[in-house]
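Only one structure is covered here, and it is reproduced in the block below.
Note that the numbering runs from 1 along the sequence shown for the chain. Side chains are part of it too, since the values below use all heavy atoms of this structure and drop only hydrogens, waters and symmetry mates.
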Amino acid sequence: MNTKVLFSDDELDDLIVKLDPSIELASMSEQEKERMIPKSVYEDEKHMLEVIHSIVNKSRRKLGFQNGPGKTYNAVLTTSSIAQAQRYYELFKKVVAEETPVTIHDKTKSVLPTFPRVAITYSISENEATSVNNQEKMAEAIKDYNEMFGTSFSIETMRAYNKNVNDRLARKQEKYLFRKEQLDLVIVVDRLLTGFDAPCLSTLFIDRAPMQPHDLIQAFSRTNRLFDRSKHFGQVVTFQTPALYTQKVKDALVLYSNGGENELLAPVFKEAHQAFKDALAGLRKIAPSPESVDALSLGQKKKYAKAFQEVDKAFAAIQVYTEYEEAELEKEYHVTVEEIEQYHGKYENVLEEIKPDPEEIDEPIDMDMEYELESVKTEDINYEYILQLIQALVPTYIESEMSSELESDSEEIDSYINDLKRTNPKLAELMEQLWKDIQEEPEQYRGKQVSSLLEEMIQEAIAYQVNHLSKEWAMKESVLTFYVNHYNPKKERQNGESELKRTSDYEAYKATTENPVKRLTYWREIKNAVADMINETILPLRKP
């Protein structure tokens, strides 16, 4: 469980003194202080905006942003009343519309430009005095939902609406694997907290007083289903009375697990904080800086690889806590994200060095050779997802004119392509051209696979580069093609290198070049030119 304290200890003490100036703070426990907090504090818009800020800007790892678009997780926010749920829904809309002091950070938008997609659901009773207002509010929310997903629900089809929300959260149907069909957050009071199975639901945000033990366990269990290799556990974030919640959770776990709560509770932030510091200290002891890794012996490199795995696990773990601030990383832990990424690069190199040769007898390596990094390379743009978006629109463009929904999808594709330009401009350029061609002549692409079309464009681009360079330096095109196709950036000597050198024709090069290089430097210049072409153009196209 993760608790988010929205005011400091001093602020809590000041509040208690205002409520009762005669009280002796020193004699009170944290739980006793929290019991005195009036409900109005949590109903204040300032508190609610802080909650929204935490969800939209400080929960990226909780929500799986590191997996890329279409593969993120979703969440539920539960509140104390229907009225409070409605206020939250309206505030989320204002935040998205940039009408509040809380704004969605660019780092959030860079992964999911349409985040957060929010829905609301609650029970409506015709006998309640507030029922008319609740029905009107729900009708407005359903209208928003229809506009978001192209559905046609109404108050009269509320049951069908709720089922669709459930299906969209669960993502068990193939259509919901696409970003444009996904929900990020559903605001509820009691719905979806019991008997609901959604493996991709990663987080339960709670802004209400502690529930009864049975209800707590039921609610918590909504998030604990395994989904993919990145989701190891569910998370619960509480925004009220952290000390009281912690005790209530312990009581519930003792009641329902025969006292085995230590196996069920994740470490508190303080413990995760110390684990990361300890892991970093262990890494620094072996390699004080990323540059120092190169000078290590083979045995030391094995120890380094194991130590980096511990750092990676601890770093990934600490990022799920609301208390973690990336801006404070250097101040708190004396390390930067850039330095961790440099350590990661060295780790990848070391891993290649220490991999045992299956034909040689070697001492066992005391580390997990199959370990997959969890914390590094987060929030990359997934080019395969962009292709899925384009593929989904190919038949639509053929069958009808562009609707407002298609325009929205087009904007999403354009946005992701623009983001891809930052990390892989060569690939983004080809993808942008393909997308433009499909929009201009959709009939030409009936029944075709976008991924295959892009691969053809990539191969044509590579063939053009090879042809151009082979003519410029008088190399045999077929030999250069073999060299390029078998190029391994981790090898010092490449397959086909001797043949390329042997078949290169200096005299032919000299005869067609205005200012030719000298014969003695001809082969060196060829190697440099080929290496530049491969690194700058071909590898980016092959490895997005």
Side-chain angles (χ1 to χ4, degrees), residues 56 60 63-72 96 98 104-117 148-150 174-182 184 377-465 535-544:
V56 300
R60 287 188 291 269
L63 298 175
F65 272 50
Q66 65 273 15
N67 300 335
K71 298 179 181 179
T72 53
V96 171
E98 300 183 345
I104 302 173
H105 291 176
D106 289 341
K107 200 167 184 180
T108 301
K109 292 179 179 178
S110 69
V111 180
L112 297 183
T114 56
F115 181 86
R117 286 178 170 158
M148 197 186 314
F149 296 116
E174 187 175 354
K175 66 177 291 187
Y176 299 124
L177 298 179
F178 292 92
R179 170 60 192 163
K180 67 175 184 175
E181 297 290 349
Q182 293 175 351
D184 299 309
K377 282 190 74 179
T378 62
E379 301 182 0
D380 287 341
I381 298 302
N382 186 333
Y383 92 108
E384 292 179 354
Y385 176 69
I386 307 176
L387 293 182
Q388 287 178 336
L389 286 178
I390 297 175
Q391 185 69 58
L393 292 188
V394 169
T396 310
Y397 276 108
I398 293 171
E399 293 167 10
S400 64
E401 296 182 0
M402 184 180 289
S403 65
S404 59
E405 181 186 352
L406 290 177
E407 289 175 2
S408 174
D409 292 334
S410 176
E411 290 173 4
E412 185 176 2
I413 292 169
D414 291 339
S415 175
Y416 283 132
I417 290 176
N418 287 332
D419 286 335
L420 185 63
K421 286 179 181 177
R422 291 186 288 106
T423 57
N424 196 329
K426 297 290 184 182
L427 184 66
E429 182 181 347
L430 292 184
M431 193 174 291
E432 187 173 45
Q433 183 59 54
L434 176 59
W435 173 225
K436 181 180 178 182
D437 291 345
I438 290 174
Q439 288 175 289
E440 291 179 351
E441 297 185 85
E443 184 62 30
Q444 298 297 318
Y445 296 90
R446 181 191 293 273
K448 293 185 178 180
Q449 289 295 315
V450 174
S451 58
S452 298
L453 294 170
L454 180 64
E455 182 59 29
E456 289 175 10
M457 293 176 71
I458 289 173
Q459 294 306 320
E460 287 175 5
I462 292 174
Y464 173 82
Q465 293 291 329
N535 291 318
E536 294 174 10
T537 301
I538 294 177
L539 290 184
L541 290 177
R542 286 182 174 168
K543 189 177 181 181

What's the verdict on side-chain contact (heavy atoms from CB on, under 4.5 Å) for Tyr445 and Ile390, showing C-alpha distance, side-chain angles and the deciding distance? CA-CA 11 Å; Tyr445 296 90; Ile390 297 175; over 6 Å; no
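- The closest donor-acceptor contact from the side chain of Asn67 to the backbone of Thr72 lies at 3.5 Å or more, if one exists at all.
- Of the possible polar contacts, one joining the Thr108 side chain to the Val56 backbone as a donor-acceptor pair under 3.5 Å is found.
- The line from CD of Glu432 to CD1 of Ile413 is 12.0 Å long, rounded to the nearest 0.5 Å.
- Scanning all heavy atoms of the two residues, the minimum distance from Pro116 to Val96 falls at CD-CG2, 3.8 Å.
- Gln182 places a side-chain N or O within donor-acceptor distance of the main-chain N or O of Leu177, the cut-off being under 3.5 Å.
- Distance alone, capped at 3.5 Å, is enough to place a donor-acceptor pair between the Gln391 side chain and the Val450 backbone.
- Using a distance-only test at 3.5 Å, with no hydrogens or angles considered, no donor-acceptor pair links the side chain of Gln444 to the main chain of Ile438.
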Between Gln459 and Glu455, is a side-chain hydrogen bond (donor to acceptor under 3.5 Å, both in side chains) present by the stated rule, with each step listed? CA-CA 6 Å; Gln459 294 306 320; Glu455 182 59 29; 2.7 Å; yes
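- A distance-only check finds a donor-acceptor pair linking the side chain of Ser110 to the backbone of Lys107 [under 3.5 Å].
- Residues passing the side-chain hydrogen bond (donor to acceptor under 3.5 Å, both in side chains) test with Gln465, sequence neighbours excluded: none.
- No side-chain heavy atom of Leu420 sits less than 4.5 Å from a side-chain heavy atom of Pro425.
- Taking each heavy atom of Leu430 and Ala461 in turn, the nearest pair found is CD1-CB, 4.3 Å.
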Please determine whether side-chain contact (heavy atoms from CB on, under 4.5 Å) holds for the pair Asp437 and Leu453, giving the CA-CA distance in whole Å, both sets of side-chain angles, and the decisive distance to 0.1 Å. CA-CA 11 Å; Asp437 291 345; Leu453 294 170; over 6 Å; no
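- Between Glu98 and Lys109 there is a salt bridge, with a side-chain nitrogen of the basic residue lying less than 4.0 Å from a carboxylate oxygen of the acidic one.
- The shortest distance between side-chain heavy atoms of Trp435 and Gln439 falls below 4.5 Å.
- Atom CG in Leu454 sits 9.0 Å away from atom CG in Leu541 (nearest 0.5 Å).
- Distance check, rounded to the nearest 0.5 Å: OG of Ser452 to CE of Met457 gives 13.0 Å.
- Annotation: the span from Arg117 atom CZ to Glu181 atom CD amounts to 8.0 Å, rounded to 0.5 Å.
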Given the rule in the side-chain contact (heavy atoms from CB on, under 4.5 Å) test, do Leu63 and Phe115 qualify, once you have shown the distances and angles that lead to the verdict? CA-CA 11 Å; Leu63 298 175; Phe115 181 86; 3.8 Å; yes
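- At a threshold of 4.5 Å between non-hydrogen side-chain atoms, the residues Pro540 and Leu427 do not count as touching.
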